[in-house]
Amino acid sequence: MRERGSGSLFREKYRDKKTGQLKVCRTWTMKLWVGGQRLKRSAGTASRAVANKKLEQWKAAVRQGVYVPDADQTRFDDLAALLLDEYRANGRKSLDRVEDAVDHLRAFFAGCRAQAISTERILAYIRRRQDQKAANATINRELAALKRMFRLGEKAGRVVRRPYIDMLPERNARTGFFERKEFDAVLAHLPDDLAAVFEVAYITGWRVKSEILTRHWSHVDFRSGWLRLEPGETKNDEGRQFPLTPDLRAALERQRARTLVGEGATGAIISWMFHRAGKPIKSFRRAWVTACRKAGIPERLPHDFRRTAVRNLERAGVPRSTAMKMIGHRTESIYRRYAIVDEAMLKEGAVKLQILHDTQQGPAANVVSLVDVTRSRRLGSSTGRVTGRTRRKIGRGLRGKSSKSEEKIMVGRDGIEPPTPGFSVLCSTN
């Protein structure tokens, strides 16, 4: 008699649509009661022995609590919905990037069961994206979204296992920054509504789109001398403030005067610090690319201003902890990625190193060869003492050059006394 809860195997019957005859399936079906519900799964084999082994594995998974009843029905679209809902519920700022990554993943995995998304299939996706000339960093962001989908599916009880996903190496660390002459050349070709924006970016290193273009006049205090970012407005959700240096104050005052002229012409109050005819600036890519091309540096990005600001703070000798607060880097490892060392800084370091070497060397020491003063090479016993006649010759030779206030003594070149044969003798002043 079969033990209760041990499950069973059977072959399902079906009726042929053409003949109406009742037939039996070749493959076996497994049946098991889980949590008071009857579950059926196809064993996918015509061998009863293999089907029985799969039934035992199924029962073991149920006993260990790793069996997920709906795992067979979970598809890629279900996992993608979990990911997007999680981003929207938490108000994540990178939602647009995740949506773009999900679109690329959906083009390849749409309709796939979650269990069918194996490591081999993911490698096929990577090869396809590489054939489409996608950068490794872009593919990694998409793979990270896929990883997050499976983690959320596992927590929600929708998947049994997560496939192994290996990330690609990234060797595209950006190193661009602006010298002052280069920035002035670009600034000369920017329209008036963008000039002040990038002047602020050059000085502060703040992100143009999310941290500068979002400023209102309520965020600047000319009397106290601060430009502010409120908590929750930055990438790490921490508030930040930058002191109004003379150049930064001058740029903001020019922008304020331009805004007052616009308010007088339209009769409306303009709350935005940077605007086009009173409306917030949404896009500036075409104007930026055109200005860089006319300045002769077409490969520069607005994000290069962050590296430029960090490098300028390093050159100015600002303490790293202070610079991190001003720019908005939470960890020192991220700050170091932006602290680009250019040729001028390397040359300055070489000059400082040479000054140190010159200071350490000092004036040349007066070295007298032991062979020259002894001539006959007559030394005393094995203890290394100089003979009496040699001492008298040395004494007569040095008597005229020394005085009672400046007395010379003889020590070995390496500071070990008494000197050994073949050593030169260093005459040092006490």
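Computed from a prediction, not measured in an experiment: that's the story for all the values here.
- Using a 4.5 Å heavy-atom threshold, the side chains of Arg158 and Asp78 count as touching.
- Counting only heavy atoms from C-beta outward, the side chains of Arg215 and His219 approach each other to under 4.5 Å.
- Between Glu263 and Arg258 there is no salt bridge, since no side-chain nitrogen of the basic residue lies less than 4.0 Å from a carboxylate oxygen of the acidic one.
- Between the CG atom of Leu79 and the CD atom of Glu154 there is a distance of 11.0 Å, given to the nearest 0.5 Å.
- Inter-residue side-chain proximity for Arg148 and Val98 is flagged as unmet; no heavy-atom pair is nearer than 4.5 Å.
- Residue Arg88 places its CZ atom among more than 12 non-hydrogen atoms of other residues, nucleotides or ligands, all under 6.0 Å distant.
- Judged as a side-chain hydrogen bond (donor to acceptor under 3.5 Å, both in side chains), the pairs with a partner in residues 191-202 (not counting sequence neighbours) are, in order, Asp193-Arg276, Glu199-Arg254.
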Just do the salt bridge (charged side-chain N to carboxylate O under 4.0 Å, His left out) check on Glu86 and Arg92 with the steps written out, would you?
-> CA-CA 9 Å; Glu86 193 264 345; Arg92 299 188 185 275; 2.9 Å; yes

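- Two residues are said to be in side-chain contact when any heavy atoms from C-beta on lie closer than 4.5 Å; Leu194 and Phe274 fail this criterion.
- Contact check for Lys282 versus Pro280: side-chain heavy atoms found under the 4.5 Å cut-off.
- Within the model, atoms CE of Met30 and CD of Glu56 stand 10.5 Å from one another, a figure rounded to the nearest 0.5 Å.
- Remark: Arg180 engages Asp184 in a salt bridge, criterion side-chain N to carboxylate O under 4.0 Å.
- Residues passing the salt bridge (charged side-chain N to carboxylate O under 4.0 Å, His left out) test with Asp103, sequence neighbours excluded: Arg106.
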Given Lys209 and Thr214, is the side-chain contact (heavy atoms from CB on, under 4.5 Å) satisfied, shown in steps?
-> CA-CA 7 Å; Lys209 186 175 181 180; Thr214 56; over 6 Å; no

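- Relative to the ring axis of Phe178, Arg300 places its NZ or CZ within 45° and under 6.0 Å from the centre.
- For the pair Phe305 and Trp206, the minimum side-chain heavy-atom distance is 4.5 Å or more.
- Side-chain contact between Arg129 and Thr138 is present, with heavy atoms from C-beta onward closer than 4.5 Å.
- With Thr19 contributing its side chain and Gln21 its backbone, the two residues share a donor-acceptor pair below 3.5 Å.
- Ion pair Arg97/Asp100 not flagged as a salt bridge, since none of the NZ, NE, NH1 or NH2 atoms sits closer than 4.0 Å to an Asp/Glu carboxylate oxygen.
- Counting only heavy atoms from C-beta outward, the side chains of Val208 and Phe284 approach each other to under 4.5 Å.
- Between Phe109 and Leu146, the shortest heavy-atom distance links the atoms CE1-CD2, 4.3 Å.
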